[in-house]
Amino acid sequence: MKKEQIVDVLETIATLLELQEENPFKIRAYTNAARSIEAWGGNLRELAEENRLQEIPGVGKAIAGKISELVLTGESTFFAELRSKFPPGILELFGLPGLGAKKIKALYEKLQVGSIADLKKACEMGRVAELPGFGKTTQDKLIATISNRAKHVGSFQLGAVAAEAEELLDDLRQHPGATQVSSAGSYRRRKEIVRDLDFIVATQAPEAITEFFVGHALVESVSARGATKTSVRLHSGIQADLRVVSTAEYPFA
DNA sequence: TAACCGCACTGATTTA
DNA sequence: TAAATCAGTG
DNA sequence: GGTTA
Ligand SMILES: [Mg+2]
Ligand SMILES: [Mg+2]
């Protein structure tokens, strides 16, 4: 498991411990370790193999053990067990302004709210306002926040997908069958928010280009594949469209 | 081993 | 209206 | 949980 993923696990552990109302200092210990590892330049695997993880500030015996497990096996029995105590979607709730561990815990225990979808239903049924610590104002705000959020599903910040886009462009340019390669649409125009990535490739070997595209390491799944247009979903979640044209018509595409 | 780990302040909301 | 609670900020 | 005295 890579460093970024380890950091993510430690942060998730901290969040779930909050839901259990664990000792706040213990919670902070996991958060601190995550920050510290984020800033750590070295290779975690090497450190783990040499039993030197504790050299990282904020990482002691207990957390080092969990990191070793994660780095080497990709899992942690502690984390798995902790995770199993809650529905996966409960983590989404922390992203809603006004909700913290205590309120989320109440929503979960009293209304079995385990995701934003659950919360939406509970709010619409008026159940949330019945809970101690909640009221109609809070319930209405949650409904508003959730519906606003739904509008932005499928949107990506340019910076969040630029690396994938450029890598794809570079690799397409490396392909011997590609004579011209460029981006198009909102990404080409550098819009701050993009909903998909568009690429145009001029080639005499459209089949080979398409094949290369759908087989690329960044591609998560293929949603459509035709003679001139192909759509895939990348690992980041964004959709990428490829248009393949002849060299003659490229200037007009 | 035991103490300490940042914390005050503010605003919004709910409850007494 | 006053106190309490919670989340968020710096 | 980690660090420090
Ligand atoms: Mg250490
Ligand atoms: Mg577009």
Side-chain angles (χ1 to χ4, degrees), chain A residues 1 3-42 44 47-48 50-73 75-86 89-116 118-120 122-149 152:
Chain A
M1 193 176 268
K3 184 163 72 181
E4 297 72 30
Q5 299 172 296
I6 304 280
V7 168
D8 199 63
V9 169
L10 294 175
E11 285 170 346
T12 303
I13 288 177
T15 301
L16 295 178
L17 289 180
E18 265 193 276
L19 282 178
Q20 299 198 145
E21 294 182 291
E22 254 289 1
N23 179 336
F25 294 109
K26 181 187 288 192
I27 295 168
R28 208 155 62 210
Y30 278 94
T31 306
N32 291 343
R35 292 288 78 74
S36 188
I37 288 169
E38 226 172 8
W40 188 261
L44 280 188
L47 230 53
E50 299 168 16
N51 289 314
R52 289 171 45 199
L53 285 170
Q54 295 185 54
E55 291 181 14
I56 301 175
V59 173
K61 188 177 172 185
I63 294 184
K66 281 146 195 158
I67 296 176
S68 298
E69 228 186 316
L70 289 166
V71 164
L72 304 176
T73 76
E75 247 308 359
S76 147
T77 54
F78 171 79
F79 180 48
E81 185 170 335
L82 183 60
R83 231 178 3 193
S84 72
K85 294 178 180 173
F86 305 91
I90 206 166
L91 296 173
E92 305 169 353
L93 300 175
F94 284 87
L96 298 178
L99 292 188
K102 293 184 178 174
K103 287 193 170 165
I104 292 171
K105 188 165 191 276
L107 288 167
Y108 177 51
E109 290 181 347
K110 300 190 178 180
L111 298 179
Q112 289 77 52
V113 166
S115 67
I116 289 186
D118 289 346
L119 178 59
K120 179 168 183 285
C123 284
E124 287 167 348
M125 292 190 298
R127 300 296 308 281
V128 170
E130 298 172 353
L131 262 46
F134 295 78
K136 182 138 193 321
T137 304
T138 302
Q139 179 175 277
D140 290 344
K141 277 188 182 172
L142 287 171
I143 292 177
T145 301
I146 292 172
S147 54
N148 274 330
R149 196 143 304 199
H152 300 299

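Just so it is clear: chains get the letters A, B, ... in the order the sequence lines come, proteins before strands, and each one is counted from 1. Worth saying up front: this structure is predicted, and the values here are computed from it rather than measured.
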Whole angstrom value for the distance that separates C1' of B/dT14 from CG of A/L142 | 14 Å
Just to confirm, is there a sub-4.0 Å distance from OP1 or OP2 of D/dG1 to any side-chain nitrogen or oxygen of A/K66?
-> yes
What nucleic acid atoms does A/A129 come within less than 4.0 Å of, heavy atoms only: base, sugar-phosphate, or nothing?
-> nothing
More than 12 heavy atoms of other residues, nucleotides or ligands under 6.0 Å from CZ of A/R127: is that the case?
-> no
Let me know the distance between CG of A/L96 and P of B/dA12, rounded to the nearest Å.
-> 19 Å
Using a cut-off of 4.0 Å on non-hydrogen atoms, how would the nucleic acid contact of A/P57 be classed: base, sugar-phosphate, or nothing?
-> sugar-phosphate
d(NZ, A/K136; C1', B/dT14) in whole Å = 15 Å
So does A/E124 pair up with A/K120, basic N to acidic O under 4.0 Å?
-> yes
When you measure from the side chain of A/T138, which nucleotide among B/dT14, C/dG8, D/dG1 comes out closest?
-> B/dT14
Atom-to-atom span, NZ of A/K102 to P of B/dA12 - whole angstrom = 21 Å
Starting at CZ of A/F25 and ending at P of B/dC5, how long is that distance when rounded to a whole Å?
-> 7 Å
Measure the distance from CD1 on A/I104 to P on C/dC6 and round it to the nearest whole Å.
-> 13 Å
Quick one: label A/L131 by what it contacts on the DNA or RNA (base, sugar-phosphate, nothing), any heavy atom closer than 4.0 Å.
-> sugar-phosphate
Value in whole Å for how far the C1' atom of D/dG2 lies from CG of A/L17 | 15 Å
Can A/F134 be called stacked on B/dT14 when the rule is centres closer than 5.5 Å and an angle between planes below 30°?
-> no
How far, in whole Å, is D/dT3 from B/dG6 if one measures between their C1' atoms?
-> 16 Å
State which of D/dG1, C/dC6, B/dC5 makes the closest approach to the side chain of A/A29.
-> D/dG1
Considering all heavy atoms of both residues, which atom of A/F25 and which atom of A/N23 are nearest to each other, and what is their separation?
-> N-OD1, 2.7 Å
Mark yes when over 12 heavy atoms from residues, nucleotides or ligands other than A/K61 sit less than 6.0 Å from its NZ; otherwise mark no.
-> no
Round to the nearest Å and state the distance from A/L82 atom CG to D/dG1 atom P.
-> 10 Å
Any donor-acceptor N/O pair, A/S84 side chain to A/E81 backbone, under 3.5 Å | yes
